[in-house]
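Structure first, commentary second.
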Amino acid sequence: MKIIVIGGTGLIGSQVVHQLQQAGHEAIAASPNTGVNTLTGEGLSEVLQGAQIVVDVSNSPSFADEPVMHFFKTSNENLLPTEKTAGVQHHIALSVVGTQKLQASGYFRAKQVQEDLIRASGVPYTIVHATQFFEFAGGIVQMSLSGNQVVLPDANIQPIASKDVAAFMATTALAAPAGKILEIGGPEKFRMTAWIRQYVQATHKNVEVVADAAALYSGAPLDADTLTPEAAVHLGPTKYADWIAQPENQR
Ligand SMILES: NC(=O)c1ccc[n+]([C@@H]2O[C@H](COP(=O)([O-])OP(=O)(O)OC[C@H]3O[C@@H](n4cnc5c(N)ncnc54)[C@H](OP(=O)(O)O)[C@@H]3O)[C@@H](O)[C@H]2O)c1
């Protein structure tokens with residue numbers, strides 16, 4: 001089966017490509033680094049010729065409000081009609097648990113536009129909503145840093161290893177299109193502060209982690225369970241304590 005992985009050079013994408021190739025499929029990484037650009041349309045119709053499945057795990061190089069909206073809107077306006085013309089039978093895209101509740105955030109408004117364009121495209125689809133990746137803990141620290149304090153919302157989080165997300169994306173890409181959102185998460189729910197403290201301790205960061213009920217996540221207010229799945233169809237098996245104990249993950 002010919003499967004195009006948009007963003008196939010990224011954290012999730014490279015693992016999806018590898019898994020699909022191991023399973024004997026012709027999985028092709030499509031991204032600016034391989035000559036395919038969804039923003040400009042460069043290389044799109046060529047790479048999609050004869051493809052049955054498209055996995056979209058691309059991400060915007062900038063998370064600022066305007067560029068991120070431009071990225072997800074324009075990319076999908078280019079990609080989805082080209083897939084329709086090529087006769088693609090399944091478009092599977094990765095988004096984030098709680099996207100619909102996080103609309104005060106420019107990043108999540110852009111992800112919502114991506115999802116709406118997929119639903120309206122006429123291409124059979126599955127949208128996967130994943131929780132935050134274990135690998136994203138450092139990003140959360142950076143975006144929540146105030147002096148030497150990491151100021152986090154007083155909310156829950158259920159992070160998942162990127163390898164478990166990639167495995168689910170690869171399996172789901174080969175299944176029939178669900179035509180709806182499928183939620184996935186990690187095996188354990190933490191207070192956000194408790195999770196980030198584990199990361200900070202393991203990586204020896206000299207910062208204090210505190211909760212503030214008024215703190216925002218990516219510019220949006222959180223309820224206790226905005227970021228956790230309501231009805232997960234799958235929980236990744238990897239536990240955070242085991243994962244962060246590996247030296248290669250202590251970055
Ligand atoms: N971080 C989290 O915790 C989290 C949680 C749930 C869902 N997600 C979603 O997961 C997805 C993938 O995230 P990731 O961390 O794996 O991303 P990533 O490692 O930052 O990779 C981004 C990929 O997008 C590609 N890309 C950038 N501009 C492009 C363009 N114009 N045309 C085509 N491809 C382009 C990049 O290609 P080059 O290498 O060529 O630049 C790269 O392959 C995102 O959509 C995100 O919303 C993330």
Side-chain angles (χ1 to χ4, degrees), residues 4-19 27-44 46-48 54-63 67-80 82-83 91-99 102 105-115 117-118 127-144 157-170 172 181-186 192 195-196 199 217-218 226-229 232 234 236 240 243:
I4 305 306
V5 182
I6 307 288
T9 54
L11 174 66
I12 299 291
S14 53
Q15 299 178 82
V16 172
V17 168
H18 181 70
Q19 290 218 11
I28 298 172
S31 81
N33 272 316
T34 69
V36 180
N37 190 325
T38 51
L39 260 185
T40 62
E42 180 200 350
L44 253 191
E46 292 84 347
V47 80
L48 287 178
V54 171
V55 182
D56 184 2
V57 284
S58 62
N59 209 354
S60 173
S62 164
F63 289 8
V68 76
M69 180 60 81
H70 175 64
F71 179 83
F72 282 112
K73 184 169 185 293
T74 308
S75 289
N76 281 279
E77 284 172 349
N78 287 331
L79 176 61
L80 293 160
T82 315
E83 286 182 24
H91 175 95
I92 167 168
L94 184 56
S95 191
V96 187
V97 164
T99 291
L102 291 160
S105 154
Y107 185 82
F108 289 100
R109 284 196 294 277
K111 293 298 286 183
Q112 187 64 52
V113 166
Q114 174 187 18
E115 294 185 22
L117 287 166
I118 293 168
I127 295 170
V128 175
H129 269 195
T131 55
Q132 286 63 42
F133 310 153
F134 289 173
E135 287 86 345
F136 194 49
I140 292 180
V141 167
Q142 271 176 24
M143 71 192 205
S144 312
I157 195 158
Q158 198 171 327
I160 181 169
S162 71
K163 65 177 179 183
D164 294 341
V165 176
F168 184 81
M169 292 300 288
T172 307
I181 292 171
L182 303 180
E183 287 188 323
I184 63 171
M192 206 184 268
W195 178 47
I196 293 299
Y199 166 77
Y217 178 76
S218 185
T226 306
L227 296 181
T228 59
H234 175 76
Y240 188 67
W243 184 89

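Just so you know, these numbers use all the heavy atoms, side chains as well, and skip hydrogens, waters and symmetry mates. Read the numbers this way: they start at 1 and go in the same order the structure lists the ligands and their atoms. Residue numbers start at 1 and run along the sequence shown.
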> Can you tell me if Asn78 uses its side chain to pair, donor with acceptor, with the backbone of Thr38 under 3.5 Å?
Replying inline: yes
>> Can you see whether Thr9 engages Ser14 through a side-chain donor-acceptor pair at a distance of less than 3.5 angstrom?
In response: no
> Which atoms of ligand 1 sit under 4.0 Å from any heavy atom of Asn33?
Replying inline: 38 (P), 39 (O), 40 (O), 41 (O)
> With distance as the sole test, does Lys163 use its side chain to make a donor-acceptor pair with the main-chain N or O of Ile12 at under 3.5 Å?
Replying inline: no
> Which atoms from ligand 1 have a heavy atom of Val57 less than 4.0 Å away?
Replying inline: 11 (C), 12 (C)
>> With heavy-atom distances below 4.0 Å as the criterion, list the atoms of ligand 1 near Phe71.
In response: 28 (N), 29 (C), 30 (C), 31 (N)
>> Return the closest protein heavy atom for atom 19 (O) of ligand 1 as residue, atom name and distance.
In response: Leu11 N, 2.8 Å
> To which protein heavy atom is atom 20 (O) of ligand 1 closest, and what is the distance rounded to 0.1 Å?
Replying inline: Asn59 CB, 4.1 Å
>> Would Glu183 and His129 count as a side chain to side chain donor-acceptor pair (under 3.5 Å) here? Give the steps.
In response: CA-CA 5 Å; Glu183 287 188 323; His129 269 195; 4.8 Å; no
> For Ala110, does its backbone N or O pair with a side-chain atom of Gln114 as donor and acceptor, under 3.5 Å?
Replying inline: no
> So which heavy atom in the protein is nearest atom 3 (O) of ligand 1, and how far is it from that ligand atom?
Replying inline: Phe133 N, 2.8 Å
> Do the side chain of Ser105 and the main chain of Phe108 share a donor and acceptor less than 3.5 angstrom apart?
Replying inline: yes
>> Give the atom numbers and elements of ligand 1 that come within less than 4.0 Å of a heavy atom of Phe136.
In response: 1 (N), 3 (O)
>> Using a 4.0 Å cut-off to any heavy atom of Gly10, which atoms of ligand 1 qualify?
In response: 19 (O), 21 (O), 42 (C), 43 (O)
>> If the test is side-chain contact (heavy atoms from CB on, under 4.5 Å), which one of Leu79, Asn76, Val113 qualifies with Ile118?
In response: Asn76
> Against heavy atoms of Gly7, which atoms of ligand 1 measure under 4.0 Å?
Replying inline: 23 (C), 24 (O), 25 (C), 43 (O)
> Which residue supplies the protein heavy atom nearest to atom 35 (C) of ligand 1, what is that atom called, and how far is it?
Replying inline: Pro32 CD, 3.3 Å
>> Among all the protein's non-hydrogen atoms, which is closest to atom 31 (N) of ligand 1, and how far away is it?
In response: Asn37 OD1, 2.8 Å
>> Taking 4.0 angstrom as the limit and counting only heavy atoms of Ile12, give me the atoms of ligand 1 inside it, by number and element.
In response: 16 (O)
>> Under 4.0 Å between a side-chain nitrogen and a carboxylate oxygen: does that hold for Glu77 and Lys73?
In response: yes
> If you measure from each non-hydrogen atom of Thr131 to ligand 1, which part falls under 4.0 Å: side chain, backbone, both or neither?
Replying inline: backbone
>> Give me the nearest non-hydrogen protein atom to atom 44 (C) of ligand 1 as residue plus atom name, then the distance to 0.1 Å.
In response: Ser58 O, 3.4 Å
> Thr34 side chain to Ser31 main-chain N or O, any donor-acceptor pair under 3.5 Å?
Replying inline: yes
> Does the side chain of Gln158 come under 3.5 Å of the side chain of Thr131 through a donor N or O and an acceptor N or O?
Replying inline: no
> Ser75 side chain to Phe72 main-chain N or O, any donor-acceptor pair under 3.5 Å?
Replying inline: no
> Is it the side chain (CB and beyond), the backbone, both or neither of Glu135 that lies under 4.0 Å from ligand 1, heavy atoms counted?
Replying inline: neither
> Quick one: which ligand 1 atoms are inside 4.0 Å of a heavy atom on Gln132?
Replying inline: 3 (O)
> Judged by non-hydrogen atoms, does Ser95 sit under 4.0 Å from ligand 1?
Replying inline: yes
> What residue and atom, counting heavy atoms only, is the protein's closest point to atom 47 (O) of ligand 1, and at what distance?
Replying inline: Tyr107 OH, 2.6 Å
>> Looking only at protein heavy atoms, which one is nearest to atom 43 (O) of ligand 1, and what is the separation?
In response: Thr9 OG1, 2.7 Å
>> I'd like to know whether Glu115 forms a side chain to side chain donor-acceptor pair (under 3.5 Å) with Ser95, so could you lay out the CA-CA distance, the side-chain angles of the two residues, the decisive distance to 0.1 Å, and finally the verdict.
In response: CA-CA 8 Å; Glu115 294 185 22; Ser95 191; 2.7 Å; yes
